[in-house]
Amino acid sequence: MKEATESLNFIEQIIEEDLAAGFPQEKLRFRFPPEPNGYLHIGHAASICLNFGLGETYNAPVNLRFDDTNPSKEEQEYVDAIKRDVAWMGFQWANVCYASDYFQQLHDWAVTLIKAGKAYVDGQSSEQMAAQKGTPTSPGTDSPHRNQSVEENLDLFARMKAGEFAPGSYVLRAKIDMASTNMHMRDPILYRIIKKSHHRTGSDWCIYPMYDWAHGESDYIEQVSHSLCTLEFKAHRELYDWYLDQIHDPSRLRPKQREFARRNLSYTVMSKRKLLELVQNKYVSGWDDPRMPTISGLRRRGYTPESIRKFSELSGISKRDNVTDVSLLEFCIREDLNKTATRVMAVLDPVKLVLTNYPKAQVEMLDAENNPEDPNSGTHQVPFSRELYIEREDFLESAGKNFFRLTLGAEVRLKSAYIIKAESVVKDAEGNILEIHATCDMDSKSGSGTEASTRKVKGTLHWVSIAHAIKAEVREYDRLFSDEAPDAHEDKNFLEFLNPNSLKVNKEAYLEPFLAHATTADKYQFQRLGYFVLDSDATADRLIFNKTVGLKDSWAKQQAPAAKPTAPAPKPQPNQGKKSALSEVQQISKKLTNLSGDKLEAARQDIIRYAAEISYEEIEPLFGTAAKKVGTRIGVMLVLGVLLKNGQERNAAVEAFIEAGKSDSDEMLKAEAEAIA
RNA sequence: UGGUCUAUGGUGUAACUGGCAACACGUCUGAUUUUGGUUCAGAAGAGUCUAGGUUCGAGCCCUAGUAGACCAACCA
């Protein structure tokens, strides 16, 4: 059983209840059932972590099952990618299964349904059947084929299977209830004719089972105890159970379906259809484009399995619609990489720095810590010389005292090297800085232990030696969409929110030579800049790095809080347009009793100001506010006071409300009531 | 107009049988720091959608509203 200390999500609670009610733990079995028609994304990670996590918790088998019942959309490429992603996440499946493994069994069960008079072959057009289906608010009507003889149905179904009919000409339908309030129970289709090659069964079949018929029965065949899916399948549950009723052997385990909310991430889309559209129309370079919310995209971007699992754990499982902020994902990857990434130096926007007193021909190999968070991580060597690159934005000729970087006449430390002082600049005709000339305190070498080396200076800069630096391409990413929920606008296509600046390619970045032999498995922190990983496009003579995520940057935040180009400013709060004065008052009033002193007085004045816009008709219903909601009653009292002052007549309701206030136990309410009595 | 589900700080989740609304992210302070990172210390932010009811006591139970999501593919 699960430890009782941590709180359980509602799925885990259900399992604990089942166990407590006598369900044997060794019969627990789960599955992750993707359709191989696209790549896995961060939303799937929630389901993967849920199912495989449950498997780990209860030591239960978890199958990876491909729901491959539609050969017109499914491909082997996706099967391979899905396996790769699940394995990369660090999970082990008990078996790889396919719904197509069960095609024969499914067919045979369908025949028994026909024989039992529970299914029939319908030869109408899809339009006719759709018309008969009715709408959610009005019942459907029976198909004219609904009461065909069992013999005729058997014959027709056999001929469907034999390939005698054209696609679309016949379907096999369950005979349930055309008047059900659940649309899925209005004689749903079990089989349709598709003459396409299937990625596993080739041309063995030309009839394919529908999702509902295949899924629950697959669960049953695999003896899955808890079949977990997303909320949109809630309405399918009745049909899932109906199908199971038809074939269930009481001596065997009967699966149960449960539904949880799918996980959404802000500033991206999470539907395979839309992601496919981005890929096919070349808005991104592929399913694994580092801007994609796919598992493969995140992997290429530099995310780790641990960070994604942590994200799923922190996000939780529930039944309500959600949009998790990407900042949580970014927190998870920073937390992981901070502990594990090797620290190196790279200059992305170089400006030349000349140390005028440093010997011209001299090169020193300095020791640089690999990771200050990990005492066992060791050091690596970095070459230092007279001419260096530093970051252009790390220098200003003069600046305020908040600027902790290099300015003329001031000292900073070069990370792992020396303390320097800027003396002069060389500019071109337009005034652009070409070189910064500085002097180096030769006694201040890092790690030397001298007094000079431990001196406090204003800041520390990263750098590379020009003669030794290797040039590389660095790709920096911003969110793919400029809107928090790009596909949540019914009047706008999600593509309208594509961020045109989501990819920034820098072909002239300079790296310390230690990076020459980086692999895609290595994770680096470019000090003071962020976390970076070698891209899969890189070759031996062409280094390309992806920025996984930047470091938290309180300096940038302080600099330009309002001027983030792609961050759309105030987010429109759902159903919160212009608030009425009344609701403002209600809002403020609620916390009135928590306030005191100036804050209380300010809140009172706010209410009195809003009161001018409120009519008696609006406020009267609030006289009935529950006694315990003292704050609201005080607010109402204040508004009433303003109305009375402006000539509102004192009717019975007003008097009663004031009287009730005067005799209340709350002092503040009593005082306000007496003030206007 | 029908059915089903959901509603807790800005965001995501907790709160056991009804008992002081908690945690994380984010935000803001301060300290430390050879990364304006990390770490450490702290703060602000909710009367649990609304109105009733039951109860000594309600985020939780009941009633009625409101808002949002899902449901009419030969998709899954």
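The chains referred to below are lettered A, B, ... by the order of the sequence lines, with proteins before strands, and numbering in each begins at 1.
Taking atom P in both rC23(B) and rA14(B), one finds a spacing of 16 Å when rounded to whole Å. One P atom belongs to rA73(B), the other to rU66(B), and the distance between them is 28 Å to the nearest Å. Rounded to a whole angstrom, the distance from the C1' atom of rU13(B) to that of rG52(B) is 30 Å. One P atom belongs to rA41(B), the other to rG9(B), and the distance between them is 28 Å to the nearest Å. Taking atom C1' in both rU48(B) and rG19(B), the straight-line distance is 16 Å, to the nearest Å. Atom C1' of rC20(B) sits at a distance of 26 Å from the matching atom of rG26(B), rounded to the whole Å. Of the C1' atoms belonging to rU17(B) and rC60(B), the separation is 11 Å, rounded to the nearest Å.
Checking the phosphate oxygens (OP1, OP2) of rU38(B), a side-chain nitrogen or oxygen of Lys552(A) falls inside 4.0 Å. For Lys557(A), a side-chain nitrogen or oxygen approaches OP1 or OP2 of rU27(B) to under 4.0 Å. Of the side-chain N and O atoms in Arg528(A), one or more sit less than 4.0 angstrom from OP1 or OP2 of rG36(B). Look at Thr460(A) and you won't find any side-chain N or O under 4.0 angstrom from OP1 or OP2 of rU33(B). Note on Lys456(A): a side-chain N or O is less than 4.0 Å away from OP1 or OP2 of rU34(B).
Pairing partner, rA73(B): none, since no Watson-Crick or wobble contact has both distances short of 3.5 Å. Under the Watson-Crick or G-U wobble criterion, with both distances below 3.5 Å, rU50(B) is paired with rA64(B). A 3.5 Å limit on both hydrogen-bonding distances identifies no Watson-Crick or G-U partner for rG37(B). Across all strands shown, rA58(B) remains unpaired; no Watson-Crick or G-U wobble contact has both distances below 3.5 Å.
Under the side-chain hydrogen bond (donor to acceptor under 3.5 Å, both in side chains) rule, His380(A) has a single partner from Arg343(A), Glu369(A), Glu512(A), which is Glu512(A).
When distances run from any side-chain atom of Thr324(A) to the nucleotides rG12(B), rC74(B), rA76(B), the shortest one goes to rG12(B). In this structure, the nucleotide among rG2(B), rU34(B), rC74(B) sitting nearest to the side chain of Thr181(A) is rG2(B). Residue Asn70(A) has its side chain nearest to rA76(B) when only rC71(B), rC74(B), rA76(B) are considered. When distances run from any side-chain atom of Ser327(A) to the nucleotides rG26(B), rA14(B), rU34(B), the shortest one goes to rG26(B). Which of rC25(B), rU4(B), rG36(B) sits closest to the side chain of Gln558(A) comes down to rG36(B). The side chain of Ser7(A) approaches rA14(B) more closely than any other nucleotide in the set rA14(B), rC25(B), rG36(B). The side chain of Ser126(A) lies closest to rC74(B) when the candidates are rC74(B), rU38(B), rC5(B). When each of rU34(B), rG36(B), rC74(B) is scored by its nearest atom to the side-chain atoms of Ile189(A), the top-ranked nucleotide is rC74(B).
Look at CD on Glu484(A): it is 12 Å from C1' on rG12(B), rounded to the nearest Å. What separates CE of Met129(A) from P of rC74(B) is a distance of 7 Å, to the nearest Å. One atom, CZ of Phe331(A), and another, C1' of rC25(B), lie 7 Å apart when rounded to the nearest Å. Distance, Tyr267(A) OH to rG12(B) P: 13 Å, rounded to whole Å. Atom CZ in Phe311(A) sits about 13 Å away from atom P in rG26(B), given to the nearest Å. In this structure, the CG atom of Asn371(A) is 15 Å from the C1' atom of rU34(B), given to the nearest Å.
Leu328(A) comes within 4.0 angstrom of the backbone, heavy atoms only, and of no base.
Proximity of Glu74(A) to Glu35(A): side-chain heavy atoms (C-beta onward) are separated by under 4.5 Å at one or more points. Side chains of Arg405(A) and Lys458(A) form no contact here, defined as non-hydrogen atoms less than 4.5 Å apart.
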